[in-house]
Student: 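First, the structure itself, so that you have it in front of you.
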2 protein chains.
Amino acid sequence: MDKKEKILATALRLFVADGFHGTPTSKIALEAGVANGTLFYHYKTKEELMVALYNSIKSELANNILSFVQAEGFITTRFKNIFIHSVHWALKNPEKFYYIQQFNFSPHLVKVPRGVFKQQAMPYTQLIGEGIRKKLLRQQPVELVTALFNGQVYGIYQYLKAADLDAGEQEKKINDAYDMVWDMLKYM
Amino acid sequence: MDKKEKILATALRLFVADGFHGTPTSKIALEAGVANGTLFYHYKTKEELMVALYNSIKSELANNILSFVQAEGFITTRFKNIFIHSVHWALKNPEKFYYIQQFNFSPHLVKVPRGVFKQQAMPYTQLIGEGIRKKLLRQQPVELVTALFNGQVYGIYQYLKAADLDAGEQEKKINDAYDMVWDMLKYM
DNA sequence: ATACAGACCGATTAATCAGTCTATAAATGT
DNA sequence: ACATTTATAGACTGATTAATCGGTCTGTAT
């Protein structure tokens, strides 16, 4: 693992544990096993590091989802896959999932160019748009359907995080939650 | 408005605009029109101020909702009222709504005693629990139903914030969203 | 009048920390 | 071999800022 990545990984762990303000760059460097100067060689400022971390997580997530969207199959199946897979990703990467929210509700969000969001939402937007056009999903703005869909991924995640179920029960609840989401979003 | 409240109000504005780290206590004091020492007279530390602000907003919100829950009427009507009213509150108090999320995804959250959350979730929990028992809502854990319900308030808020509709259209979308939520959560 | 309480003040301080600087060492190209 | 770029190191600093502290002011009870 090269130093640049090591810095990112360490920053993720510390930022989530202690917050942006609570983690000095010196601590990140120390725990990443690099010198202070090295950190600032790769990232000009602390904020640049924070933004780079955000972007790296976001695009990892986007690529991950994209591989599912592109898979063969009916729209409805792909729709379900995205939901299930998103929840799984969040459960497997709780720090990354948390970091995204932490960053989203920080004044640093504005440092991310507008277009990046549209770009990364594309897979969702396209699939949902197609679903609406083909009358598989509600006749509502694609942004509304997307927002409610995302709200649901977040909602079930919060529940599972607190509930502490075993793997089987957890899987069942994710499926139950999806059935409910489907009842909310399907064409009627 | 007494100084203690003025400090809270100013802190809210600045914390939302510039983040916790980005707003020095001296700036809060200055813009609140009080001396530096006064701020620390009322709040022993900066973090204590942050927590106090969080608690004050949370209980304002809880009281606000509570007044609706206690209103007469069918469970289903009250359920709908909570949804609609929560969205309205968020739209009318965007800074407070934002601050809650900001604080929720900060390392300071642990400074809030566990019990406070259960306490403030009570109105929801009780109503939803009753709805489930009376087979008006899905036969799922009350925590799951609550989480999905909250996810939806958040989802529609995000949509409305970005969509910039006029008052009439906005109201219509809130109602549409509620109908969808109802289809998700109602007993089948 | 006198005593007391507690809200308020703002200059000061002690500590922290983002970012710089200078010096090497690797790697890469010629 | 030599030159140039890239990567690494870590000591240092200047600015910032949370929190303190000694003291003032105002109202109220005695």
Side-chain angles (χ1 to χ4, degrees), chain A residues 1-57 95 99 102-112, chain B residues 1-57 95 99 102-112:
Chain A
M1 195 183 215
D2 84 344
K3 311 220 170 200
K4 211 172 163 184
E5 283 173 42
K6 195 78 209 297
I7 292 168
L8 276 190
T10 306
L12 171 61
R13 179 166 53 78
L14 293 177
F15 283 151
V16 167
D18 305 327
F20 293 129
H21 176 46
T23 78
T25 53
S26 57
K27 193 177 180 190
I28 297 170
L30 184 71
E31 298 202 14
V34 305
N36 209 298
T38 305
L39 187 151
F40 283 98
Y41 172 74
H42 290 292
Y43 306 98
K44 276 203 291 292
T45 64
K46 186 183 188 182
E47 189 173 49
E48 191 174 303
L49 167 61
M50 286 157 41
V51 172
L53 179 56
Y54 180 74
N55 288 333
S56 108
I57 293 173
E95 282 187 342
Y99 184 81
Q102 183 181 16
F103 191 92
N104 277 342
F105 289 102
S106 81
H108 311 287
L109 186 65
V110 299
K111 299 288 170 179
V112 179
Chain B
M1 193 183 215
D2 83 345
K3 310 219 172 201
K4 210 172 163 183
E5 282 174 42
K6 195 77 210 296
I7 292 168
L8 276 190
T10 306
L12 171 61
R13 180 166 51 79
L14 293 177
F15 283 151
V16 167
D18 305 328
F20 293 129
H21 177 46
T23 79
T25 52
S26 58
K27 193 177 180 190
I28 297 170
L30 184 71
E31 298 202 14
V34 305
N36 211 292
T38 306
L39 188 151
F40 285 98
Y41 173 74
H42 289 292
Y43 306 97
K44 276 202 291 293
T45 65
K46 185 182 186 181
E47 189 173 48
E48 191 174 304
L49 167 61
M50 286 158 39
V51 172
L53 179 57
Y54 180 73
N55 287 333
S56 108
I57 293 173
E95 281 187 344
Y99 184 82
Q102 183 181 14
F103 191 92
N104 277 341
F105 290 102
S106 81
H108 311 286
L109 186 66
V110 300
K111 300 287 170 180
V112 179

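A note on names: the letters A, B, ... follow the listed sequences, proteins ahead of strands, and every chain is numbered from 1.
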Student: Could you tell me which residues satisfy side chain to side chain donor-acceptor pair (under 3.5 Å) with B:N104, sequence neighbours excluded, listed by chain and number?
Tutor: B:Y54
Student: What's the CG-C1' distance between A:L30 and C:dA18, to the nearest Å?
Tutor: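 After rounding, the gap between these two atoms is 16 Å.
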Student: Let me confirm one number: the CG-CD distance from A:N55 to A:E48, rounded to the nearest 0.5 Å.
Tutor: 10.5 Å
Student: Return the value, rounded to whole Å, for the distance between atom CD1 of B:I7 and atom P of C:dC8.
Tutor: 8 Å
Student: Taking A:E31 for its side chain and A:L14 for its backbone only, find out whether a donor-acceptor pair lies under 3.5 Å.
Tutor: no
Student: What is the distance, to the nearest angstrom, from the CG atom on B:L39 to the P atom on D:dA18?
Tutor: 10 Å
Student: First locate atom CD1 of A:I28, then atom CG of A:L49, and finally report the distance between them rounded to the nearest 0.5 Å.
Tutor: 5.5 Å
Student: Anything under 30° is parallel, anything over 60° is perpendicular, the rest tilted; go ahead and classify A:F20 against A:H108.
Tutor: perpendicular
Student: Between D:dT16 atom C1' and B:K46 atom NZ, what is the distance in whole Å?
Tutor: 11 Å
Student: Nearest whole angstrom, please: distance from the P of C:dC17 to the NE2 of A:H21.
Tutor: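 About 7 Å, once rounded to whole Å.
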Student: Fit a plane to each ring of B:F105 and A:F105, take the angle between them on a 0 to 90° scale, and name the class: parallel (under 30°), tilted (30 to 60°) or perpendicular (over 60°).
Tutor: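 Plane angle under 30°, so parallel.
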Student: Tell me whether the side-chain N/O atoms of A:T25 come closer than 4.0 Å to OP1 or OP2 in C:dC17.
Tutor: no
Student: Across nucleotides 4-14 of chain D, 5' to 3', mark each nucleotide with B, S or - according to how protein heavy atoms within less than 4.0 Å reach it.
Tutor: --SBBBBB---
Student: D:dT17 P sits how many Å from B:E47 CD, rounded?
Tutor: 18 Å
Student: Atom CD of A:E48 to atom C1' of C:dT20: distance rounded to whole Å?
Tutor: 16 Å
Student: Whole angstroms only, please: what is the NZ-P distance between B:K27 and D:dA18?
Tutor: 12 Å
